[in-house]
Amino acid sequence: MIEIDRISKLYDGAAAVDAVSMTVETATITAIVGTSGSGKTTLLRMINRLVEPSSGEVRINGESTRSVPKNTLRRRIGYAIQSHGLFPHYTVARNIGTVPTLLGWSKAAIRARVDELLELFSMEPEHFRDRYPAELSGGQQQRVGVARALASRPDLLLMDEPFGALDPIIRARAQEDLRRIQRTLGSTIMLVTHDMEEAIQLGDRVAVMDAGRLVQHGTPAEIIQRPASDFVADMVGGVERPLRLLSLFPLSELVEQGHAEGDALDADTSLRDALSNCLWTGRNAVPVVKDGVALGRVTMDAIRARAEGPR
Amino acid sequence: MKLAALFRTALVLLLLALVIKPTWFTWAFAPFAPDNGAVIYERASLLSLSLSHLSLVALASTAATLVAVTLAILVTRPAGSAFLPLSRTITNMGQTFPPVAVLALAVPALGFGAGPTLVALFLYGLLPIFENAITGLSTLPPATMEAARGIGLSHRQRLLRVELPLAFPVILTGIRLSVVIALGTATIGSTVAASTLGEVIIAGLLTNNTAFVLQGGLIVGLFAVLIYDALVQLEVYLSRRLGAGSSGALASKA
């Protein structure tokens, strides 16, 4: 569990981050979202003390980050950034093994960990281990960057706009990969993004920052349905709010008995994709299957009811 | 590519022959020698002169590299940045002082021989290496430096594992310039009795023997060209390994 306790950063008397408190549960993803200059990156960088807080405290599993030397602290916290920051003169394996090497792991343990991570990121170890970053595609470099951050099994992974440099298709895949890997490893992740869509897709919790303050911290559904201020409502994107809300729930939540025409959709499909499918195929209901077994149907009316905001 | 390798081998063989078996070239230099004068310089073996010339250059360049890179590391640390202008001034002075003046001034202090030449070559070698080391160390990719800090490398680990290896190709360019300047400047050392290939040239000038001048000049020139070329090859290899730019990446994929 990560506790951020009234943490502030002043630059020339002006607060870049103003008394932010937040608790992050173990094995969850928290997406910190805000416009540029909102203090979200400063907040993230105060957790591994790349920026020293002016006041306040961060506790990781109850232990204050001030009680350990900076470099020791950073080796326990994974750190992945937008332009990956790989060491160009190191092979993929050496890049990933950087922190375990600093921590004095044995060669065999490092090698096993590198291969394990490469496989987790669907990169064949024999093929990629000995290559240099310049020989990889942007998406592969980004994956190696995240693998390096995860190498020493850190208590916490900090990510600063990790997918910012990727094109939309690679980006969607990278987001899915991160979700899958986070669930597999049970990692605790704090991720900074300016993209509300990304925050809603990835976050178990979304923290919205504005002018150095934490304006709302809650589940994606809470943020969409009950934005705490006009600023949050703007960030959630006025007209797209119902669609964003629908993207959070799978079809399985609205299944009812009955029959519908046409191709069936999988129970894990989001309501948003199902709505889109209904509109495109001109249907009022879709059949739902799970593992090939028919569960029933979901109607447009049910989806519409789910998308309604509070009155 | 093959042609270049062939040309390089030919030059190396020519140089070796000129240094080890100078008498093979009597026919070529004879037309430039004065009547009844010697055609081939024989007062000292060209091989020992070459070795002494090269070791002077190697010693001076090594010392210059150590001092210049250390200075550059110090002034690129946050604590040392205040000394950047001062250290620039000092190394610039080394460069603006004419080598002959340095030799003349060093002789009373160090006596005749290799000493003053070493000092002149050392001072001359500082600036190119220092400038390049500063450029190399202050233009490192910001994302890589941020990541190095963020994953917990200490100052020393960042310097040794990331900064110096990444800056090395640029520093090497400075060393190359410095070595080539030193190879030429060392010839002047013979005016204060350092044993270098300059001896051959000066003997030729004093006795109006163009054959000697050509011999000495040709050997020094070939050394300079070949060493320059070897260092360029090394730089290209290193930059390719670092994948600096897309051309490097493409080349290593091919």
Side-chain angles (χ1 to χ4, degrees), chain A residues 41 44-45 47-51 68-91 94-103 130-138 141-142 144-146 148-152 154 157-162 164-165, chain B residues 69 73 76-79 132-133 135-173 175 233-254:
Chain A
T41 294
L44 192 80
R45 287 162 58 95
I47 295 168
N48 64 0
R49 291 172 64 196
L50 281 171
V51 171
V68 281
K70 270 191 222 173
N71 289 327
T72 314
L73 174 74
R74 289 179 196 154
R75 287 170 201 172
R76 297 211 298 239
I77 299 179
Y79 188 54
I81 54 180
Q82 172 168 1
S83 21
H84 64 75
L86 294 175
F87 302 133
H89 57 307
Y90 279 12
T91 60
R94 247 186 116 185
N95 263 293
I96 298 177
T98 308
V99 181
T101 307
L102 293 176
L103 295 174
D130 298 320
R131 297 176 80 175
Y132 285 90
E135 301 168 322
L136 306 179
S137 72
Q141 290 172 341
Q142 192 273 340
V144 174
V146 179
R148 178 176 66 180
L150 287 169
S152 64
L157 172 58
L158 303 178
M159 307 180 91
D160 190 355
E161 299 272 5
Chain B
V69 171
I73 290 172
T76 48
R77 303 305 98 186
N132 276 46
T135 309
L137 288 171
S138 54
T139 54
L140 297 164
T144 302
M145 295 315 298
E146 161 87 359
R149 221 156 76 85
I151 64 178
L153 268 70
S154 66
H155 285 286
R156 170 192 286 268
Q157 287 163 339
R158 289 207 295 274
L159 178 67
L160 295 180
R161 296 182 190 207
V162 184
E163 296 177 40
L164 283 177
L166 289 185
F168 188 63
V170 185
I171 299 178
L172 196 60
T173 308
I175 296 177
Q233 298 297 318
L234 184 59
E235 274 164 50
V236 169
Y237 169 76
L238 286 173
S239 327
R240 197 173 288 174
R241 277 262 323 251
L242 292 183
S246 53
S247 60
L250 283 177
S252 48
K253 260 180 201 162

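Lettering follows sequence order; numbering is per chain, from 1. On a predicted model such as this, the values are computed, not experimentally measured, just so you know.
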Tell me, side chain or backbone of A/Tyr132 under 4.5 Å from chain B's heavy atoms, or both, or neither? side chain
Looking only at heavy atoms, which of residues 137-146 of chain B get nearer than 4.5 Å to chain A? B/Ala143, B/Thr144, B/Glu146
Chain A neighbours within residues 147-154 of chain B, where any heavy atom lies under 4.5 Å away: B/Ala147, B/Ala148, B/Arg149, B/Gly150, B/Ile151, B/Gly152, B/Leu153, B/Ser154
Separation between CZ of B/Arg158 and CG of A/Asn71, rounded to the nearest 0.5 Å: 7.0 Å
Is it the backbone or the side chain of A/Ser152 that comes under 4.5 Å from a heavy atom of chain B, or both, or neither? neither
Which atoms of A/Arg49 come close to chain B, meaning under 4.5 Å heavy atom to heavy atom: side chain ones, backbone ones, both, or neither? neither
Note: A/Leu102 and B/Arg161 closest approach over all heavy atoms is CD2-NH1, 3.7 Å
The interface call for A/Arg76 against chain B, heavy-atom contacts under 4.5 Å, is neither
